[in-house]
Amino acid sequence: KVEEADVVEPVTTAAFRMTMVRICALLLGIAFGSEVLISQFVSVLLRTRTEASDSFAVLAVVVYATMMAIGRFSNSYFLRRFDPIDVLLVQGTGVAIGGVILTVSPTAGITLVGSLIGGLAIAGIVLTVLSYAAAHSPGTAGETASASLLGGYIGGLFLPLLAGGLTALISIRAGIALAAVGGLMTIYLAKALKRDAVAESRTGGLAQ
């Protein structure tokens, strides 16, 4: 007799038929890409545009990583007390603000502030999106998560490459400005999730 725990579910793309999963995949793509973008570009920005010392550039990365850790550990607290979409809206706003600060920052100190805000805000987006997807998908949690994360991995590769292209063509500030754009897109997609949830509740089925 084959135990249920030993049965491996086949990997399919069926989850992508759901509007909610497609939106979550886009959100994760933006989150993964923005995380890499900020972590890699801030130190370069400090050394090349604000003439900060190498040690200060390293400090900015450490601050960013610390804020990421704090954001991830505290995210479950907010998800227990607030609607996930509202949490996502706040996180997207924080990423947009942090991205704008990094883009226009004239000094190393202000760049550090942008890194702090951006890191704290972006840290919980992946967890928020996955929690929402698992709670609202009629399919299995594994299938929903894998489909959503596929978008995350693609975004993690594509967004930094796009930022590198903008940096080469225009400037590093143009490249890091994509973090602010990512924050605004997160807000837009969070609202799209809410609209999808409303449409699903009205029809009593999946919004296709």
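All heavy atoms count here, side chains included; hydrogens, waters and symmetry mates do not.
Of the inter-residue distances, the one linking Ile117 atom CD1 with Leu112 atom CG reads 10.5 Å to the nearest 0.5 angstrom. Atom CG of Leu102 sits about 12.5 Å away from atom CG of Leu178, to the nearest 0.5 Å. Note that the OH atom of Tyr188 and the CD1 atom of Ile23 stand 8.5 Å from one another [nearest 0.5 Å]. One distance of note links CG of Leu162 with OG1 of Thr167; it measures 9.5 Å at 0.5 Å rounding. Between the CG atom of Leu79 and the CG atom of Asn75 there is a distance of 4.5 Å, given to the nearest 0.5 Å. Here the CG atom belonging to Leu116 is positioned 8.0 Å from the CD1 atom belonging to Ile70, to the nearest 0.5 angstrom.
Summarising the geometry of Tyr132 relative to Cys24, their closest heavy-atom pair is CD2-SG, 4.4 Å, with the distance given to 0.1 Å. Of all non-hydrogen atoms in Ser34 and Leu159, the two that sit nearest each other are N-CD2, 3.5 Å. Of all the heavy atoms in Thr107 and Thr111, the pair that sits closest is O-OG1, 2.9 Å. Between Ala190 and Leu89, the shortest heavy-atom contact is CB-CD2, 3.7 Å. Nearest heavy atom pair, residue Tyr64 against residue Glu35, reads OH-O, 3.0 Å. Minimum heavy-atom separation, Phe78 to Val87: O-CG2, 4.0 Å.
You'll find the side chain of Val126 stays beyond 4.5 Å of the side chain of Leu27, heavy atoms only. Side-chain contact between Ile125 and Val95 is present, with at least one heavy-atom pair separated by less than 4.5 Å.
No single ILVMFWY cluster, assembled from side-chain heavy atoms under 4.5 Å apart, contains both Val36 and Leu157. The same ILVMFWY cluster, assembled from side-chain heavy atoms under 4.5 Å apart, contains both Ile97 and Val113. Phe32 and Leu127 are members of different hydrophobic clusters when ILVMFWY side chains are connected at heavy-atom separations under 4.5 Å. Leu37 and Val63 fall within the same hydrophobic cluster, where Ile, Leu, Val, Met, Phe, Trp and Tyr residues are linked whenever their side-chain heavy atoms come under 4.5 Å apart, directly or through other members. Cluster annotation: Leu166 is connected to Met185 through the hydrophobic network of ILVMFWY side chains, with a link wherever side-chain heavy atoms come within less than 4.5 Å.
For residues 83-96, the set of pairs meeting the salt bridge (charged side-chain N to carboxylate O under 4.0 Å, His left out) definition, not counting sequence neighbours, comprises Asp86-Lys194.
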Test side-chain contact (heavy atoms from CB on, under 4.5 Å) on Ile122 and Met68; report intermediate values, then the result.
CA-CA 7 Å; Ile122 203 171; Met68 286 279 294; 3.4 Å; yes

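Checked against Thr186 for a side chain to side chain contact (heavy atoms under 4.5 Å, CB included), the options Leu26, Thr128, Ile30 give a single hit: Ile30.
Taking the ring axis of Tyr77 as reference, the NZ or CZ atom of Arg72 does not stay both within 45° of it and closer than 6.0 Å to the ring centre.
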